[in-house]
Amino acid sequence: MPDLPVPRLSVLGVRHHGPGSARAVRDELNRIRPDLVLVEGPPEADGLVALAADPGMRPPVALLAYVPGEPSRAAFWPFAEFSPEWQAIAYAARAGVEARFCDLPAAHSLALDADPVRRDPIGELARAAGYDDPERWWEDLVEHRGEAGTLDVVAEAMRAVREGHVAEGAEARREAYMRRTLRNAAREGFARIAVVCGAWHLPALSPPVLTLPAPVLPSPGGRARRSGPPAGSRPDAPDGPVRAPTPAEDERLLRGLPKVRVEMTWVPWTHGRLAAGAGYGAGVAAPGWYEHLFTAPDHPVERWLARAAAILREEDLPVSSAHVIEAVRLAEALAALRGRPLAGLSEVTEAVRAVLCGGDELPVELVRRRMVVGERLGRVPDATPMVPLRRDLRDEQRRLRMKPEAMAGEHDLDLRRPLDLGRSRLLQRLALLDVPWGTPRRARSKGTFKESWSLEWRPELDVALIEAAVWGITVEAAASARVRDLAGGAGLPELSALVERCLLAHLPDALAYVLGRIDDRAALDGEVRHLMGALPALVRARRYGDVRGTEGLGSVTESMLARICAGLSPAFTGLDEDAAREMAALMDGVHTAAGLMGSGRWLATLAGIARRDDLPGLLDGRIVRILFDAEALEDDVAARMARSMSPGNPPAWSAAWMEGFLSGGGLLLVHDSRLLATVDAWLTGLSPEAFVDVLPLLRRTFGAFPAPERRMIGGRIRSGAVPRPGSPGADEGADYDDGLAAGAVRTVRDILGRGTGGRP
């Protein structure tokens with residue numbers, strides 16, 4: 001069998017997501033015209049490469065590898081338009097040549113513990129060049145130039161940095177697999193192979209790594225010679241000094257690696273997730289700026305500042321063409337002073353701040369968010385492999401006209417409109433599946449028919465959808481199954497919350513199941529606190545019946561309220577301070593729920609409990625306030641407060657009573673001089689020691705009042721308008737002047753007389 005010719009191997013070392021590297025790779029591939037392009041990435045995605053040429057594919061996108069059944073074990077390989085790897089894939093699609101991935105398979109990498117390279121080669125080279133900022137050094141060397149020759153400069157620099165370095169762990173396994181892929185490609189007979197990989201790996205691939213001998217050709221002097229350049233080196237680059245590991249050494253390193261079954265797909269990505277602060281190790285700090293450098297190679301500074309001015313004008317900020325011209329001059333002057341070949345991000349940002357924004361940081365932050373990071377969300381074609389749940393969600397998004405966006409945006413929904421009602425239900429169902437595409441916000445208008453949401457699509461939500469796919473193939477079916485699972489071991493409060501969520505998400509089958517669970521648990525659960533905690537959510541859920549087309553919950557809530565009223569009095573016995581505070585919160589919730597139900601049983605129960613004299617001060621005060629507000633208190637509130645504030649009660653009990661009574665707000669003290677006089681007399685009558693003891697409770701009570709209420713109470717005390725108990729002004733009506741009131745009284749009598757046939 002004749003020997004195969006050694007292919008021409010070109011290893012193009014790049015920086016991930018570098019626009020200068022992307023342009024250089026694109027130009028170099030057009031020059032060398034390879035018939036096979038190998039790209040750093042998981043080889044399981046080879047079958048997905050063709051989708052890159054689909055018109056529906058728009059970067060930024062990412063390859064997603066995940067373990068079926070364990071989708072939390074996942075990894076992303078993002079690509080932007082300015083990524084050199086993406087440009088290599090795009091070249092292969094245009095040229096009609098094959099493109100493959102050559103990194104360690106995801107089946108191995110997801111089964112192994114990651115041990116990334118700890119060195120920062122870019123930082124080392126920048127420091128050697130006298131730069132304190134690696135990003136600035138890289139921009140000056142590569143991103144602001146982008147010629148193909150810069151790849152040779154990067155390759156030479158990386159060889160110097162890696163000299164003496166011994167790869168270990170995951171790094172060694174990855175590079176061994178890359179070399180194995182190169183050898184296999186050579187055996188397949190490809191004549192010209194181009195490898196696009198991170199510059200750090202270039203020295204490990206540049207030495208002669210192909211073992212196939214080249215054909216022996218006669219030399220002009222009669223001596224045999226091999227054709228072509230040394231295998232494993234760029235035709236126009238010097239040989240690297242590093243010894244190439246043998247195939248046997250690489251195979252030993254790769255033998256016996258743990259492996260898991262993985263699935264691959266394309267998912268949309270965002271510029272925000274490309275940023276270095278978004279958790280992706282090979283990210284860049286300014287993806288929007290890098291995209292601009294790639295797409296606008298001519299006059300990038302002028303175009304950038306013109307876009308910034310347009311964004312500021314959209315916010316009604318006065319920015320003229322003269323501002324833009326002056327900003328360009330400032331950016332170029334700063335670059336010249338700093339010895340840079342082109343104004344970089346730091347220079348244009350300073351120009352934006354000083355000229356376009358007048359030193360104001362808020363509009364600078366707007367430009368940074370909209371331009372430096374960017375708002376772009378990628379798109380994948382319909383032919384992309386998806387789990388059924390993801391495909392159903394895509395169909396629902398189209399049906400409801402809900403386009404995923406990378407930047408958070410507020411959306412107000414009117415639930416009286418079928419379209420908005422469907423949108424609300426979809427968002428509620430996704431929330432049940434732990435796919436938080438939408439975050440509820442306080443509605444701008446009152447009423448149960450209005451909702452406000454903040455929507456932001458993040459790439460990790462695709463992983464969340466894969467995790468949720470275990471519950472069903474449609475969003476509705478999956479949400480219903482998820483509710484049933486949550487209801488399995490839930491208590492009454494949790495079940496009540498699930499009822500509310502089922503109504504909001506319109507899951508009738510799941511709702512019936514949860515209601516059945518509530519009936520079973522309520523019949524067996526004799527703990528009143530559990531019933532009290534469950535009732536408010538159920539009553540709130542009733543309010544959505546008309547708007548959302550769901551059946552009422554009257555029978556369930558009436559039954560629970562009856563059980564609460566029957567067991568409430570014994571539940572108030574023997575409570576310590578913490579238990580009393582918890583019970584007060586539960587009581588407030590039930591009181592609100594009973595008001596929505598229109599039930600009088602609750603107030604009658606509280607009125608009976610109010611006659612007891614063994615209640616904790618907090619609960620006694622709270623019950624009195626509830627009954628007073630409902631006009632159901634049997635005795636005079638001032639007399640009740642006076643008894644509670646009397647010296648015979650411990651000061652701490654009285655302070656707790658006051659906290660419970662005033663927790664509804666302080667306006668009562670502003671408008672009722674008798675109550676304010678009682679509180680004032682009690683406070684001034686405390687001994688210094690007792691005052692110190694109750695001060696924390698008092699500060700908590702009065703500190704909860706709004707500032708205007710506190711000012712009005714203080715103003716009445718300072719003005720002396722508060723009568724002392726026992727003084728003439730303390731009697732009912734004694735603080736009114738009959739002479740001044742006479743005119744108002746006559747007017748009121750006249751009005752009433754006309755309304756009652758003239759009777760006085």
Side-chain angles (χ1 to χ4, degrees), residues 9-25 28 38-41 83-85 88 102-104 114-179 182 194-209 230 232-234 236-245 249-250 253 276 280-285 290 340-341 344:
L9 175 62
S10 299
V11 183
L12 309 181
V14 300
R15 187 190 188 190
H16 302 296
H17 315 309
S21 297
R23 285 198 301 271
V25 164
E28 184 70 0
L38 297 177
V39 178
E40 183 178 330
S83 300
E85 298 89 344
C102 61
D103 206 345
L104 188 71
D115 52 345
V117 179
R118 300 295 180 185
R119 296 181 62 177
D120 178 16
I122 301 297
E124 293 180 26
L125 291 170
R127 286 189 293 273
Y131 283 72
D132 57 359
D133 183 358
E135 292 290 330
R136 180 181 169 189
W137 173 80
W138 185 263
E139 282 190 2
D140 290 349
L141 178 71
V142 177
E143 308 305 348
H144 292 170
R145 301 181 188 275
E147 302 90 352
T150 58
L151 295 175
D152 294 329
V153 176
V154 173
E156 183 178 354
M158 285 300 168
R159 290 191 183 97
V161 172
R162 278 199 61 158
E163 188 171 357
H165 173 77
V166 178
E168 297 177 346
E171 177 192 356
R173 291 188 290 268
R174 291 178 62 194
E175 292 175 348
Y177 194 89
M178 291 180 187
R179 289 188 290 267
L182 288 175
V195 182
V196 179
C197 63
W200 175 257
H201 302 296
L202 182 146
L205 305 180
S206 292
V209 297
S233 62
R234 285 194 45 193
D236 52 356
D239 294 340
V242 184
R243 183 186 71 85
E249 291 173 336
D250 285 341
L253 190 61
Y280 174 58
V284 291
Y290 274 11
R340 307 194 67 178

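All of these numbers come straight from a predicted model, not from anything done at the bench.
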Results of side chain to side chain donor-acceptor pair (under 3.5 Å) for Glu175 - residues two or more places apart only = Arg162, His201
message = Between Glu40 and Val196, does the side chain to side chain contact (heavy atoms under 4.5 Å, CB included) criterion hold? Intermediate values first, please.
response = CA-CA 6 Å; Glu40 183 178 330; Val196 179; over 6 Å; no
query = What closest approach, in Å, do Asp103 and Met178 show between heavy atoms, and which atom pair accounts for it?
reply = OD1-CE, 3.7 Å
ask   = Going from CG on Leu38 to CG on Leu12, what distance comes out if it is rounded to the nearest 0.5 angstrom?
value = 11.0 Å
task = State, to 0.1 Å, how close Leu253 and Ala172 come at their nearest heavy-atom pair, and which atoms those are.
result = CD2-O, 3.4 Å
ask   = Under the side chain to side chain contact (heavy atoms under 4.5 Å, CB included) criterion, do Glu171 and His165 qualify, and how do the steps go?
value = CA-CA 11 Å; Glu171 177 192 356; His165 173 77; 3.1 Å; yes
remark   = Rounding to 0.5 Å, atoms CD (Glu168) and CZ (Arg173) come to a distance of 10.5 Å
note = Taking every heavy atom of Leu151 against every heavy atom of Gly13, the minimum-distance pair comes out as CD2-O, 3.6 Å
Smallest separation among heavy atoms of Ala22 and Pro84, with atom names = N-CG, 3.7 Å
query = Any idea which heavy atoms bring Tyr177 and Cys102 closest together, and the distance?
reply = CD2-O, 3.6 Å
inquiry  = According to side-chain contact (heavy atoms from CB on, under 4.5 Å), who are the partners of Ala157, at least two apart in sequence or on a separate chain?
reply    = Leu125
ask   = Quick one: does Arg159's side chain have a donor or acceptor within less than 3.5 Å of a partner on Leu202's backbone?
value = no
request  = Identify the two heavy atoms, one from Ser21 and one from Arg15, that lie closest to each other, and give their separation to 0.1 Å.
outcome  = OG-N, 3.6 Å
